[in-house]
Number of protein chains: 2
Amino acid sequence: MSGNPTDLRVVRTKQAIRAALIALIEEKGFEAISVKDITERANINRGTFYSHYEDKFDLMDKCQEQLLKEMETKIVPNIPKLIEETKKHEAGPMPIAVLMPFFEFLHANQSFMKALLGPKGDAAFQVKMKECLNRGMFGPENAIFNADGLLVPPRYLASYIASAHIGVIQEWLNGGAIEPPEEIARIISAMTIHGPLFAAGIRKKR
Amino acid sequence: MSGNPTDLRVVRTKQAIRAALIALIEEKGFEAISVKDITERANINRGTFYSHYEDKFDLMDKCQEQLLKEMETKIVPNIPKLIEETKKHEAGPMPIAVLMPFFEFLHANQSFMKALLGPKGDAAFQVKMKECLNRGMFGPENAIFNADGLLVPPRYLASYIASAHIGVIQEWLNGGAIEPPEEIARIISAMTIHGPLFAAGIRKKR
DNA sequence: AACTAAAACGACAGTTTGTTTATTATCTTA
DNA sequence: TAAGATAATAAACAAACTGTCGTTTTAGTT
């Protein structure tokens with residue numbers, strides 16, 4: 001079994017597999033990919049693949065887990081801060097600065113994020129990412145949304161916000177992530193704070 | 001080739017295949033399904049499957065197309081009416097009545113919708129459904145969102161709203177669609193009109 | 001430079017696939 | 001209701017992919 005994670009050969013092989021996976025998901029979607037496809041694209045022997053992963057699902061899981069872990073540990077802790085700031089100056093602009101690490105992370109992992117969130121990607125990953133975002137908003141450090149005065153059940157509020165944000169991110173990545181992360185942070189904030197219809201110019205009153 | 005769509009045998013077979021597909025997607029996800037799985041579950045001969053569909057992807061496509069067509073032709077024409085109503089009484093409650101056919105359609109097609117939009121479903125279907133919703137909001141009959149005064153680029157507005165709505169629908173279906181369609185229509189409307197943060201009780205001012 | 005571990009190679013049986021044949025069952029319609 | 005048409009079944013096929021092994025070669029580590 002190939003285990004040593006510092007051995008350059010292992011590092012190289014895993015990188016090649018990962019890159020091949022990303023490219024192939026974008027090309028024909030995860031379900032249409034065979035292990036043979038991956039190893040041919042990565043220029044490695046098929047047997048080598050099986051010494052690192054059980055099958056293509058195992059590979060997918062491990063890649064996603066790594067990504068989500070990074071997302072969670074680096075990004076999510078900021079969300080409570082964000083909501084706190086928002087509460088302070090209620091009518092003011094959103095404190096975008098606190099969102100930036102998240103969007104910069106997405107930008108840095110563009111290709112994989114695009115593949116996973118794209119039309120040929122994985123619906124399960126979207127669910128995991130929503131859970132990740134929701135832990136930030138509804139987690140134990142954060143009693144805000146658990147308070148009274150909600151017009152809607154909390155789980156629908158969470159679904160709405162998380163899905164909306166992921167939707168914008170999908171659109172951003174799908175268009176090649178041309179706009180800088182700050183711009184996307186501003187766009188998302190505007191809609192979540194003021195409501196999408198106000199952002200659309202339909203509801204003028206505030 | 002088996003073609004006659006009125007022959008009872010054909011109708012029965014296609015129904016069985018479709019039901020098997022839905023059940024299996026929920027159980028192990030589309031990518032893990034084999035044609036053999038489908039025909040065993042449907043209690044039909046494997047050869048029979050191939051006389052109706054090219055492969056499992058063809059089956060999936062045809063089932064989705066049927067669903068989306070129904071969604072589009074029956075539901076989407078109502079959206080312009082909806083926005084018009086919303087503009088009239090700006091601060092009033094959303095005219096939920098006009099949304100009802102859409103949510104009743106979802107409720108009637110619960111099992112398939114749940115399978116397609118669930119964690120083991122198809123990311124491409126979500127994209128198609130978003131496009132369906134967006135055609136309603138940004139279509140030619142409807143110049144509202146093309147007007148000036150947008151705080152954000154229109155495609156991000158569209159992505160935000162469509163994804164948010166689908167997210168709530170996913171949550172609804174995933175929980176067994178316990179709430180009646182009217183309730184979900186009300187919940188979604190509240191968040192889209194007033195903004196999710198207002199609905200959360202965080203932003204009190206209007 | 002020697003040691004060690006990873007990668008390549010080639011072979012294996014077991015599945016699934018898509019196609020085709022002949023046979024049986026069942027629907028339509030006259 | 002009987003005759004003819006056609007859909008479904010059953011069984012067999014090569015081709016492709018899978019997951020696993022044992023052996024040999026290559027390359028990184030010390």
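Here is the naming used below: chain letters follow the sequence lines, and residue numbers restart at 1 for every chain.
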- prompt: Where along residues 13-28 of chain A does a heavy atom come under 4.0 Å from DNA chain C, residue by residue in number order?
  reply: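 Nucleic-acid contacts, sorted: A/Thr13.
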task: May I ask you to check whether A/Tyr156 and A/Tyr160 place their ring centers less than 6.0 Å from one another?
output: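 Not close enough - the centres of the two rings lie 6.0 Å or further apart.
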[X]: partners by side-chain contact (heavy atoms from CB on, under 4.5 Å), with sequence neighbours left out:
{"X": "A/Lys69", "result": "none"}
{"X": "B/Arg46", "result": "B/Val35, B/Lys36, B/Thr39, B/Tyr50"}
{"X": "B/Asn45", "result": "B/Thr48"}
{"X": "A/Asn174", "result": "A/Lys114"}

task: Using modelled atom types only, decide if a donor and an acceptor are shared between the side chain of B/Lys56 and the backbone of B/Phe30 within a distance under 3.5 Å.
output: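 Confirmed, B/Lys56 side chain pairs with B/Phe30 backbone.
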statement: Reading nucleotides 19-30 of chain D from 5' to 3' and marking B where a protein heavy atom lies under 4.0 Å of the base, S where only the sugar-phosphate is that close, and - otherwise, the string is BB------BSS-
Terminal axes of the helix from C/dT19-D/dA12 to C/dA30-D/dT1 (five pairs each): angle between them, nearest 10 degrees: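 So the angle between the two local helix axes works out to 30°.
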In whole Å, what is the span from the [atom1] atom of [X] to the [atom2] atom of [N]?
{"X": "A/Asn45", "N": "C/dA11", "atom1": "CG", "atom2": "P", "value": "13 Å"}
{"X": "A/Glu40", "N": "D/dA16", "atom1": "CD", "atom2": "C1'", "value": "12 Å"}
{"X": "A/Lys36", "N": "D/dT18", "atom1": "NZ", "atom2": "P", "value": "9 Å"}
{"X": "A/Phe57", "N": "D/dC17", "atom1": "CZ", "atom2": "C1'", "value": "13 Å"}
{"X": "B/Phe49", "N": "C/dT16", "atom1": "CZ", "atom2": "C1'", "value": "13 Å"}
{"X": "A/Ile33", "N": "D/dC17", "atom1": "CD1", "atom2": "P", "value": "14 Å"}
{"X": "A/Tyr53", "N": "C/dA7", "atom1": "OH", "atom2": "P", "value": "11 Å"}
{"X": "B/Ile44", "N": "D/dA10", "atom1": "CD1", "atom2": "C1'", "value": "14 Å"}

- prompt: Any side-chain N or O of A/His52 under 4.0 Å from OP1/OP2 of C/dA7?
  reply: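 Yes, A/His52 has a side-chain N/O under 4.0 Å of OP1/OP2 on C/dA7.
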query: Does anything in residues 6-21 of chain A pair up under salt bridge (Lys or Arg N to Asp or Glu O under 4.0 Å), and if so which pairs, sequence neighbours excluded?
result: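 The answer is A/Asp7-A/Arg9.
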query: What pairs meet the salt bridge (Lys or Arg N to Asp or Glu O under 4.0 Å) rule with one or both residues in residues 149-162 of chain B, with sequence neighbours excluded?
result: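 Pairs touching residues 149-162 of chain B that pass the test: A/Glu171-B/Arg155, A/Glu179-B/Arg155.
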message: Over all strands shown, is B/Thr48 touching base, sugar-phosphate only, or nothing at heavy-atom distances under 4.0 angstrom?
response: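 Answer is base: heavy atoms of B/Thr48 come under 4.0 Å of a base.
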task: Could you tell me whether B/Asp37 contacts a base, only the sugar-phosphate backbone, or nothing, with contacts defined as non-hydrogen atoms closer than 4.0 Å?
output: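 No contact at all - B/Asp37 keeps every heavy atom at 4.0 Å or more from the nucleic acid.
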Any side-chain heavy atom of [X] sitting closer than 4.5 Å to one from [Y]?
{"X": "A/Pro181", "Y": "A/Leu106", "answer": "no"}
{"X": "A/Leu67", "Y": "A/Leu116", "answer": "yes"}
{"X": "B/Leu133", "Y": "B/Ile166", "answer": "yes"}
{"X": "B/Ile38", "Y": "B/Leu59", "answer": "yes"}

- prompt: To the nearest 10 degrees, how far apart in direction are the end axes of the helix from C/dA1-D/dT30 to C/dT17-D/dA14, each fit to five base pairs?
  reply: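 Terminal axis comparison yields 30°.
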message: Applying salt bridge (charged side-chain N to carboxylate O under 4.0 Å, His left out), can you list everything that pairs with A/Glu65, at least two apart in sequence or on another chain?
response: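 With neighbours one apart ignored, the set is empty.
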message: Among residues at least two apart in sequence or on other chains, which ones pass ring-ring contact (aromatic ring centres under 6.0 Å, His included) with B/Phe125?
response: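 Listed in chain order: nothing, the list is empty.
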